[in-house]
Chemist: 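Sharing a structure with you now.
Order of the sequence lines fixes the chain letters, A, B, ..., with proteins taken first and strands second; residue numbering starts at 1 for each chain.
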Protein chains: 2
Amino acid sequence: MPIVTIQTVADYARVSRATVSRVLNNNPKVDSEIRERVLQAVEILGYQPNRVARRLRTQSRDVIGVIISDIQNPHFTSIIRGIEDVAYVRQMNIVLCNSDEDSSKLQTYLRVMQAESVAGLIVVPTHADQEREALQSIQRNGIPIILLDREIEGFEVDSVQVDHRHGAYEAVAHLIRLGRRRIGIIYNDFSTGWQRYQGYIDALNEAHIPIDRTLVKTSDHKRESSYDRTRELMALPVPPDALFTAFNLVTLGALHVLHELGARVPQDVALVGFDDMPWADELFSPLTAVAQPTYELGQTAARLLLRRLNTPDAPFQNEILPTQLIVRQSCGSAL
Amino acid sequence: MPIVTIQTVADYARVSRATVSRVLNNNPKVDSEIRERVLQAVEILGYQPNRVARRLRTQSRDVIGVIISDIQNPHFTSIIRGIEDVAYVRQMNIVLCNSDEDSSKLQTYLRVMQAESVAGLIVVPTHADQEREALQSIQRNGIPIILLDREIEGFEVDSVQVDHRHGAYEAVAHLIRLGRRRIGIIYNDFSTGWQRYQGYIDALNEAHIPIDRTLVKTSDHKRESSYDRTRELMALPVPPDALFTAFNLVTLGALHVLHELGARVPQDVALVGFDDMPWADELFSPLTAVAQPTYELGQTAARLLLRRLNTPDAPFQNEILPTQLIVRQSCGSAL
DNA sequence: CTGAAAGCGCTTACAG
DNA sequence: CTGAAAGCGCTTACAG
């Protein structure tokens with residue numbers, strides 16, 4: 001294990017460590033001949049400046065911490081890609097952690113990130129109440145935080161999310177326009193789910209359709225749960241003629257039930273899901289879905305972070321990105 | 001930005017930095033009264049030891065570098081989850097990079113990882129020939145490497161992969177057993193694709209079915225490419241009566257074509273895919289697939305790395321994990 | 001233009 | 001049991 005440090009290079013090039021450092025940092029006032037000698041030494045020795053040492057010395061921060069809640073969910077996967085792409089051009093690295101919707105795991109990671117002196121944090125909170133304080137304290141310590149996807153009430157930060165409420169409204173309005181009246185909904189109790197539920201209400205209200213509580217279900221993030229909720233809905237004396245599934249895993253669970261039941265989609269029950277999926281077209285009923293600009297969510301989060309690092313005192317910014325309803329066949333009509 | 005360092009704590013507790021450090025590192029020979037005082041100071045000041053400094057000083061390595069080729073592919077996503085889970089219990093962090101199947105990007109990341117003094121690297125190579133040297137040089141510098149999913153000829157390392165050849169053999173043998181004879185294949189030219197192709201050959205040979213070159217197609221990692229290849233296969237004077245699609249993106253492309261063509265699956269053409277997908281059951285034809293133990297792949301890679309770190313001189317280990325054929329309806333029979 | 005020296009925040013022999 | 005001192009690999013005022 002040949003440890004080549006800046007000293008090795010300095011010795012080889014017969015200069016001081018300071019000079020080597022200057023050359024590597026493109027300090028202009030280095031004699032061109034010496035510069036050459038150093039560069040050659042670097043080349044020959046295959047020297048890689050130690051980033052850990054550099055980071056400690058310059059107190060520079062070139063790592064972005066990212067904490068998401070479910071790395072197996074394509075939604076987040078695409079977000080990460082967006083973050084990574086903007087980080088790459090800025091020569092920043094990302095340390096990725098998966099909280100697994102577990103608040104204590106998230107808080108552990110928060111501590112780690114702080115100890116790693118990350119430049120800033122992009123985080124998808126899981127349980128606002130338990131995490132608010134830890135997050136705020138990190139922010140107070142000068143590490144900027146960008147909230148992604150979910151909000152935390154009473155916590156002033158930069159954030160990006162999608163217009164959940166309007167997206168959901170469009171989805172449900174689409175169903176209503178196609179003549180559906182008994183529209184079941186399955187959502188989760190994160191802030192996103194709640195907002196999507198509001199959009200559902202908006203659409204029903206607009207059409208003067210009374211809210212039937214028996215058609216409203218909440219589910220956790222497990223697919224089994226949405227499976228059960230869908231079963232319950234379909235077992236109603238008068239089952240729904242349409243379903244609005246408020247996130248991708250729920251949609252999968254619901255589809256499974258409909259398939260099992262031999263329900264015809266959309267004839268017996270129409271279906272719109274929140275979250276588009278790359279394979280939406282290949283599903284047994286090509287899925288009409290509210291597509292989120294996931295890649296842009298990631299990009300925007302990263303950009304907000306970069307901006308905050310440049311101008312720490314800028315007012316907080318809350319970006320809301322639009323969704324897009326992609327009409328396929330699961331509701332019965334292109335519109 | 002209140003910077004609380006070990007000195008702050010030492011002052012507060014009226015001891016030396018050395019003592020604070022000892023307390024934090026659970027050094028037993030610290031007076032219990034003093035220990036208490038330090039612990040209290042730590043608590044009150046909210047002190048987080050700076051990991052960057054610690055890492056530099058102890059030359060400790062507690063970061064695992066992971067370079068995968070496509071973070072949006074569920075295959076890798078599940079692998080990452082496996083890695084992360086074993087890293088978490090060891091209190092190690094992972095730095096994740098996405099090479100995007102781009103060899104120069106991968107090499108950039110390799111340099112970064114080295115400069116970050118990672119404990120070791122888990123990497124999915126993309127173009128063996130271009131990366132062999134860089135990888136070997138890192139290994140020579142004492143940073144262990146675990147190759148994941150794909151091999152590099154003539155490079156001795158620890159590695160994990162799945163039994164691609166046998167998995168493919170089983171898939172194709174399944175088709176043959178169901179009476180299919182004109183079996184098309186679409187694979188890619190990574191080492192994995194090549195091995196899967198061998199499995200296809202094995203099954204045909206065993207059944208004494210001659211290889212028809214017109215039924216053999218290669219595709220890159222883009223879905224469009226597999227779309228085109230499937231179109232070509234289906235446009236043959238005598239189209240195939242079965243398709244073996246050798247990785248998940250290809251399967252999606254093929255399904256799309258079959259859907260467009262109105263082909264009945266499995267009546268007109270049976271389909272087996274390599275790679276299972278969480279939504280395989282909800283596809284328009286529930287997919288019979290060769291499932292890879294992706295989570296275990298990740299776990300195994302991480303464990304191999306940990307083992308190598310413990311015993312640097314152990315002989316190299318090449319783990320081959322078994323696949324499992326999951327029979328659904330796309331081939332026409334549960335068998 | 002170049003080098004000696006200080007210091008980033010830790011840890012750990014070495015004395016005592 | 002505790003502290004003073006050295007040092008991990010860098011960078012950067014400060015002299016010259």
Chemist: Using atom C1' of each nucleotide, how far apart are D/dG16 and D/dT12 to the nearest Å?
Modeler: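 Roughly 16 Å separates the two C1' atoms.
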Chemist: Is A/S21 close enough to D/dC10 that one of its side-chain N or O atoms is under 4.0 Å from OP1 or OP2 there?
Modeler: no
Chemist: Using a cutoff of under 3.5 Å, can you pull out all pairs of nitrogen or oxygen atoms linking the protein to nucleotides 5-9 of chain D, with atom names and distances?
Modeler:
{"residue": "D/dG7", "atom": "N2", "partner": "B/R57", "partner atom": "NE", "Å": "3.4"}
{"residue": "D/dG7", "atom": "N2", "partner": "B/R57", "partner atom": "NH1", "Å": "3.0"}
{"residue": "D/dG7", "atom": "N3", "partner": "B/R57", "partner atom": "NH1", "Å": "3.3"}
{"residue": "D/dC8", "atom": "O3'", "partner": "B/Q59", "partner atom": "NE2", "Å": "3.1"}
{"residue": "D/dC8", "atom": "O2", "partner": "B/R57", "partner atom": "N", "Å": "3.2"}
{"residue": "D/dG9", "atom": "N2", "partner": "A/A53", "partner atom": "O", "Å": "3.3"}

Chemist: So what does A/R22 hit on the nucleic acid, given a heavy-atom distance under 4.0 Å: a base, only sugar-phosphate, or nothing?
Modeler: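 The answer is base, as A/R22 lies within the cut-off (heavy atoms under 4.0 Å) of a base atom.
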Chemist: With a 4.5 Å cut-off on side-chain heavy atoms, are B/Q317 and B/R308 touching?
Modeler: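 Side-chain contact under 4.5 Å: no.
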Chemist: Could you tell me if A/E101 and A/S69 have a donor-acceptor pair between their side chains, going purely by distance under 3.5 Å?
Modeler: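 Side-chain D/A pair, A/S69 to A/E101: present.
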Chemist: Mind calculating the distance between NZ (A/K29) and P (D/dT12) to the nearest angstrom?
Modeler: 12 Å
Chemist: Partner lookup for C/dA13, please. Criteria are Watson-Crick or G-U wobble with both distances under 3.5 angstrom; report none if nothing qualifies.
Modeler: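 Paired with C/dA13, as far as the under-3.5 Å criterion goes, is no nucleotide at all.
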Chemist: Return the value, rounded to whole Å, for the distance between atom CD of B/E33 and atom C1' of D/dT2.
Modeler: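 Interatomic distance, CD of B/E33 to C1' of D/dT2: 14 Å.
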Chemist: Closer than 4.0 Å, any side-chain N/O of B/T19 to the OP1 or OP2 of D/dT2?
Modeler: no
Chemist: Are B/C97 and B/V66 packed together at the side-chain level, in the sense that at least one heavy-atom pair is separated by less than 4.5 angstrom?
Modeler: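 SC-SC contact between B/C97 and B/V66 ruled out.
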Chemist: Do B/E151 and B/Q161 have side-chain N/O donor and acceptor atoms under 3.5 Å apart?
Modeler: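 Side chains of B/E151 and B/Q161: pair found under 3.5 Å.
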Chemist: Quickly work out the A/N25 CG to C/dT2 P distance and round it to whole Å.
Modeler: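 To the nearest whole Å, that distance equals 15 Å.
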Chemist: Rounded to whole Å, please give me the gap between CZ in B/R61 and C1' in C/dT11.
Modeler: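 Distance check: B/R61 CZ to C/dT11 C1' gives 17 Å.
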Chemist: Any salt bridge linking A/R35 with A/D31? Criterion: basic side-chain nitrogen under 4.0 Å from a carboxylate oxygen.
Modeler: no
Chemist: Return the value, rounded to whole Å, for the distance between atom CG of B/N27 and atom C1' of C/dC10.
Modeler: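 Result: 15 Å.
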Chemist: If only atom types and distance count, is the side chain of B/N98 paired as donor or acceptor with the main-chain N or O of B/I71 below 3.5 Å?
Modeler: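 A pair under 3.5 Å: yes.
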Chemist: B/D62 CG to C/dC10 C1': how many Å, rounded?
Modeler: 13 Å
Chemist: For the pair made of CG in A/L24 and C1' in D/dT11, what is the distance, rounded to whole Å?
Modeler: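 Between C1' of D/dT11 and CG of A/L24: 11 Å.
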Chemist: A/R37 has an atom CZ; how far is it from atom P of C/dC1, in whole Å?
Modeler: 15 Å
Chemist: Between B/Y88 and A/Y109, is the ring centroid distance below 6.0 Å?
Modeler: yes
